[in-house]
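Only this structure's heavy atoms are used, side chains among them; waters, hydrogens and symmetry mates stay out.
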Amino acid sequence: QVQLVESGGALVQPGESLRLSCAASGFKLNYYHIGWFRQAPGKEREGVSCISKSDDITYYGDSVKGRFTITRDNAENTVYLQMNSLKPEDTAIYYCAAVPICTYEIATSTNYRYPNWGQGTQVTVSS
C-alpha cells in the first residue's frame, strides 16, 4: 500500500513562498507518478500539478502555472511543491497522491478519485 505524508503547510502572507513535501515510506517514490491536489473549504478537490516517474515531465493547473514548481528528490524519497507568489485563493489543504499517469488532465482534474488520501497539509494565505 502506497503511503504518502504531506508536510510544510503554514500561514503566510500574499506574495510569500512555501515548499510542501510529499514523503514516502517503505517504497521508492521514483517508481510512481505523483500528483499534488488541493481542496479549499466548500469546494471540490482539484488538481494542482503532477510529475512523471521516469523522465520528470511535469504539468500544472492553469491557476498555478508559472508560480508553482514540482520536483522530486530521489535521494530524499520526496516530491516537493515549491509555491511562489502565493495568493489568498491558494488557501486549501494540499494532498499528494500516486497517480496512474501524469498528464495535463490529471493536473487540472476535479474531484480526483484516490483510495488512500493522507491528512494533507494546510496552506493559508492571508494578510
Side-chain angles (χ1 to χ4, degrees):
Q1 190 176 12
V2 175
Q3 293 283 353
L4 300 169
V5 178
E6 306 91 346
S7 64
L11 170 62
V12 298
Q13 294 189 347
E16 293 187 338
S17 298
L18 274 178
R19 189 178 75 164
L20 305 184
S21 299
C22 171
S25 59
F27 63 95
K28 291 290 188 181
L29 203 57
N30 59 319
Y31 292 164
Y32 295 86
H33 308 290
I34 298 296
W36 278 101
F37 302 82
R38 67 186 183 184
Q39 187 165 22
K43 294 189 176 181
E44 293 182 312
R45 198 186 318 254
E46 64 174 358
V48 175
S49 180
C50 64
I51 185 166
S52 66
K53 64 180 178 180
S54 57
D55 47 12
D56 287 354
I57 291 174
T58 60
Y59 292 92
Y60 298 92
D62 295 337
S63 63
V64 307
K65 192 171 185 179
R67 299 188 297 122
F68 290 11
T69 304
I70 187 171
T71 57
R72 67 165 78 234
D73 185 328
N74 292 332
E76 295 293 326
N77 209 26
T78 300
V79 169
Y80 298 102
L81 185 69
Q82 177 68 41
M83 306 187 298
N84 299 330
S85 302
L86 282 162
K87 304 176 181 180
E89 51 264 43
D90 295 318
T91 295
I93 300 175
Y94 284 71
Y95 305 86
C96 60
V99 295
I101 190 170
C102 175
T103 62
Y104 175 74
E105 287 70 27
I106 291 289
T108 59
S109 63
T110 300
N111 210 22
Y112 180 77
R113 293 182 180 271
Y114 182 68
N116 199 27
W117 292 111
Q119 291 189 334
T121 186
Q122 176 70 51
V123 173
T124 304
V125 185
S126 175
S127 55

Exercise. Any pair with a residue in residues 34-57 that passes ring pair (Phe, Tyr, Trp, His ring centres under 6.0 Å), sequence neighbours left out, goes on the list, sorted by first then second residue, please.
Key: Phe37-Tyr112, Phe37-Trp117
Is there a side-chain contact between [X] and [Y], using heavy atoms and a 4.5 Å cut-off?
| X | Y | value |
| --- | --- | --- |
| Val79 | Thr71 | no |
| Tyr60 | Thr69 | yes |
| Leu29 | Ile34 | yes |
| Met83 | Tyr94 | yes |
| Arg72 | Thr78 | no |

Quiz prompt | Pairs flagged by disulfide (SG to SG under 2.5 Å) wherever residues 34-79 is involved - sequence neighbours left out | solution = Cys50-Cys102
Self-check item: Qualifying disulfide (SG to SG under 2.5 Å) pairs, either residue in residues 56-95, two or more places apart
Solution: none
Looking only at atom types and distance, does a side-chain atom of [X] sit under 3.5 Å from a main-chain N or O of [Y], one as donor and one as acceptor?
| X | Y | answer |
| --- | --- | --- |
| Tyr95 | Arg45 | no |
| Glu44 | Thr110 | no |
| Glu105 | Ser109 | no |
| Asn74 | Asn77 | no |
| His33 | Lys53 | yes |

Quiz item: Which value, rounded to the nearest 0.5 Å, describes the distance between Ile51 atom CD1 and Ile57 atom CD1?
Solution: 10.0 Å
Quiz item: From Asn30 CG over to Asp56 CG, what is the distance, rounded to the nearest 0.5 angstrom?
Solution: 9.0 Å
Quiz item: Which atoms form the tightest heavy-atom contact between Ala98 and Leu4, and what is the distance?
Solution: N-CD1, 3.6 Å
Table please: side-chain donor-acceptor pairs of residues 7-23 below 3.5 Å, with sequence neighbours left out.
{"unit_1": "Glu16", "atom_1": "OE1", "unit_2": "Gln13", "atom_2": "N", "d": "3.0"}
{"unit_1": "Ser17", "atom_1": "OG", "unit_2": "Asn84", "atom_2": "OD1", "d": "2.9"}

With a 3.5 Å cut-off and sequence neighbours excluded, list the donor-acceptor pairs that the side chains of residues 85-93 form with protein atoms.
{"unit_1": "Asp90", "atom_1": "OD1", "unit_2": "Arg38", "atom_2": "NH1", "d": "2.9"}
{"unit_1": "Asp90", "atom_1": "OD1", "unit_2": "Arg67", "atom_2": "NH2", "d": "3.0"}
{"unit_1": "Asp90", "atom_1": "OD2", "unit_2": "Arg67", "atom_2": "NH1", "d": "2.7"}
{"unit_1": "Asp90", "atom_1": "OD2", "unit_2": "Arg67", "atom_2": "NH2", "d": "3.4"}
{"unit_1": "Asp90", "atom_1": "OD2", "unit_2": "Lys87", "atom_2": "N", "d": "2.8"}
{"unit_1": "Thr91", "atom_1": "OG1", "unit_2": "Pro88", "atom_2": "O", "d": "2.9"}
{"unit_1": "Thr91", "atom_1": "OG1", "unit_2": "Val125", "atom_2": "N", "d": "2.9"}
{"unit_1": "Thr91", "atom_1": "OG1", "unit_2": "Val125", "atom_2": "O", "d": "3.4"}

Practice problem: List the steps and the verdict of ring-ring contact (aromatic ring centres under 6.0 Å, His included) for Tyr32 and Phe27. | Solution: CA-CA 10 Å; Tyr32 295 86; Phe27 63 95; 5.4 Å; yes
Self-check item: Members besides Tyr80 in its Ile/Leu/Val/Met/Phe/Trp/Tyr cluster (side-chain heavy atoms under 4.5 Å)
Solution: none
Quiz item: Please walk me through it: do Val5 and Ser25 pass side chain to side chain contact (heavy atoms under 4.5 Å, CB included)?
Solution: CA-CA 8 Å; Val5 178; Ser25 59; 5.8 Å; no
